[in-house]
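Side chains are part of it too, since the values below use all heavy atoms of this structure and drop only hydrogens, waters and symmetry mates.
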Amino acid sequence: MRYVSAYLLAVLGGNESPSVSDLKTILGSVGIEVEDDLAKRVVDNLSGKNLEEIMAEGMSKLATMPSGGGGGAAAAGGAAAGGAEEEKKEEKKQESESESDDDMGFDLFG
C-alpha cells in the first residue's frame, strides 16, 4: 500500500510517469526502507495507465462487496453475566484514571 501511495503522491505532484527512484525518494523522506522488487512491480503495473479510471474501477468493485456484519453474541447466563459486569466496572475505573493522565490536566472543552 505504501508503494501505491507513493506513486499516487508523485503523480499528484506533477510527475506523470514516476520511477522506482521517485518512489524511493518519497518513501525514504519518511524513513521507510524500499524493497526494489515491490516498487518495480507497482511502477510496472501503473505506468501508462489513467489512475482516475483505475480508482473508479476499484470503487465500483468495492460497491459490489458485501459489508454487513454478523449478529451480536448470544447472552450469557445470569451468574456469568454478573461476574462480567464487575470486571467491566473495574476496567472502566482503570481507564478513567489513565485518561486523566493522558490529558495532563488540560481540559480542551471545559
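- Applying the under-4.5 Å side-chain rule to Ile, Leu, Val, Met, Phe, Trp and Tyr, the cluster around M59 extends to L62, M65.
- In terms of heavy-atom proximity, K49 sits nearest to I54 at CB-CD1, 3.6 Å.
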For residues 32-43, tabulate all N or O donor-acceptor pairs below 3.5 Å that involve a side-chain atom, not counting sequence neighbours.
unit_1: D36; atom_1: OD1; unit_2: K24; atom_2: NZ; d: 2.8
unit_1: K40; atom_1: NZ; unit_2: D44; atom_2: OD2; d: 2.9

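- Note on residues 51-67: pairs passing salt bridge (Lys or Arg N to Asp or Glu O under 4.0 Å), not counting sequence neighbours, are E57-K61.
- Other residues sharing the hydrophobic cluster of L9, ordered by chain and number and joined by side-chain separations under 4.5 Å: I26.
- One finds the OH atom of Y7 at 10.0 Å from the CG atom of N45 (value rounded to the nearest 0.5 Å).
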Kindly list each side-chain donor-acceptor pair under 3.5 angstrom involving residues 11-19, sequence neighbours excluded, with atom names and distances?
unit_1: N15; atom_1: OD1; unit_2: S17; atom_2: N; d: 3.1
unit_1: N15; atom_1: ND2; unit_2: D22; atom_2: OD2; d: 2.8
unit_1: S19; atom_1: OG; unit_2: S21; atom_2: N; d: 3.4
unit_1: S19; atom_1: OG; unit_2: D22; atom_2: N; d: 3.3
unit_1: S19; atom_1: OG; unit_2: D22; atom_2: OD2; d: 3.3

